[in-house]
Amino acid sequence: MAKKKGSLGGALWSLPWILKVLIAIFLDVVFGIARFIDGILEGNILKILIGLLWIFYGLGIGWIIDIIFTLLNKRPPLL
């Protein structure tokens, strides 16, 4: 999968696979922060809102989505 260059999501996605899985399991808020910051830098309102929601409310279904996508080695939505 293509990496986004010059973004926090791209930097996060370029980490080793096992480290991404551990972050997704134990520190999923990092994926939310990456979405939020990338949204601000890109000027994408939807990505900003999704990032905020992921930070505060993503610990349920968002956490599971991030783990599944990371285990399948696919880029999670809006990252």
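How far CZ of Phe69 is from CG of Leu71: 11.5 Å, rounded to the nearest 0.5 Å. To the nearest 0.5 Å, the span separating CD1 on Ile50 from CD1 on Ile55 amounts to 11.5 Å. Between Lys20 atom NZ and Phe31 atom CZ the span is 8.0 Å, to the nearest 0.5 Å. Distance check: Ile61 CD1 to Asp66 CG gives 10.5 Å after rounding to the nearest 0.5 Å.
Remark: side-chain polar atoms of Trp63 are paired, donor with acceptor, to backbone N or O of Ala24 under 3.5 angstrom. With Trp17 contributing its side chain and Thr70 its backbone, the two residues share a donor-acceptor pair below 3.5 Å.
Shortest non-hydrogen contact noted between Lys47 and Arg35 is CG-O, 3.5 Å.
Checked against side chain to side chain contact (heavy atoms under 4.5 Å, CB included), Ile37 has the following partners two or more places apart in sequence or in another chain: Leu8, Ile33, Leu41. Every residue two or more places apart in sequence or in another chain that forms a side chain to side chain contact (heavy atoms under 4.5 Å, CB included) with Ile68 is listed here: Ile64, Leu72.
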